[in-house]
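Below is one structure, written out as structure tokens, with a few remarks after it.
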Amino acid sequence: KKYQLELKFCEMVINEITKRKHQGYSYPFLQPVDPVALNIPTYHKIIKKPMDLGTIGQKLKGGQYTNAKEFKADIDLMFDNCYKFNPESDGVYKMGKNFQAVIEELWAT
Ligand SMILES: Cc1ccc(Nc2c(-c3ccc(O)cc3)nc3c(C)cccn23)cc1
């Protein structure tokens, strides 16, 4: 009951950021990183807690977040993973920065 409004806000955020208009920079984050498909066999050696928007959406729908703070922690984890793995010069790193700025803007509303 207490956090219902907060979690509704989280639902709005995820619905917005998974829209097609963000796909130019959101696509690396929409589903779990697939180290086989991406040919990055070291990924799970470097990233101990993978996170992506697909998983976040499922956790939200499944009532696995108590409040907005826990939801945002997974969003932040997703980007931290991206910056840890991808070189600063990599396009995906830059997409992460771009996408995170969009989300932070939304989060602040
Ligand atoms: C050789 C190489 C170098 C970098 C990447 N990064 C990368 C990632 C990625 C996203 C989040 C993350 O925490 C780690 C990786 N997602 C992609 C996609 C969807 C396409 C191309 C590259 N991508 C892939 C292969």
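Only this structure's heavy atoms are used, side chains among them; waters, hydrogens and symmetry mates stay out. Whatever order the structure lists them in is the order used to number ligands and atoms, beginning at 1. This chain uses plain numbering: 1 for the first residue, then up along the sequence.
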V13: side-chain contact (heavy atoms from CB on, under 4.5 Å) partners, not counting sequence neighbours: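 Once residues adjacent in sequence are excluded, the partners of V13 under the side-chain contact (heavy atoms from CB on, under 4.5 Å) criterion are F9, I17, F71, L106, W107.
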Atom-level proximity to ligand 1, residues with heavy atom under 4.0 Å: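 Y27, P28, V33, L38, I40, Y43, N81, C82, F85, N86, D90, V92.
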For K69, all residues meeting salt bridge (Lys or Arg N to Asp or Glu O under 4.0 Å), sequence neighbours excluded: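 For K69, no residue satisfies salt bridge (Lys or Arg N to Asp or Glu O under 4.0 Å) once neighbours in sequence are set aside.
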Check: F85 ring centroid to Y93 ring centroid under 6.0 Å: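 F85 vs Y93: aromatic centres not under 6.0 Å.
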Separation of I40 CD1 from N86 CG (nearest 0.5 Å):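 So the gap between those two atoms works out to 7.0 Å.
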Residue L5 excluded, over 12 heavy atoms near CG under 6.0 Å: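 Open.
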Sequence neighbours excluded - salt bridge (Lys or Arg N to Asp or Glu O under 4.0 Å) pairs with any residue from residues 44-63: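 Every pair satisfying salt bridge (Lys or Arg N to Asp or Glu O under 4.0 Å) with a residue in residues 44-63: K59-D74.
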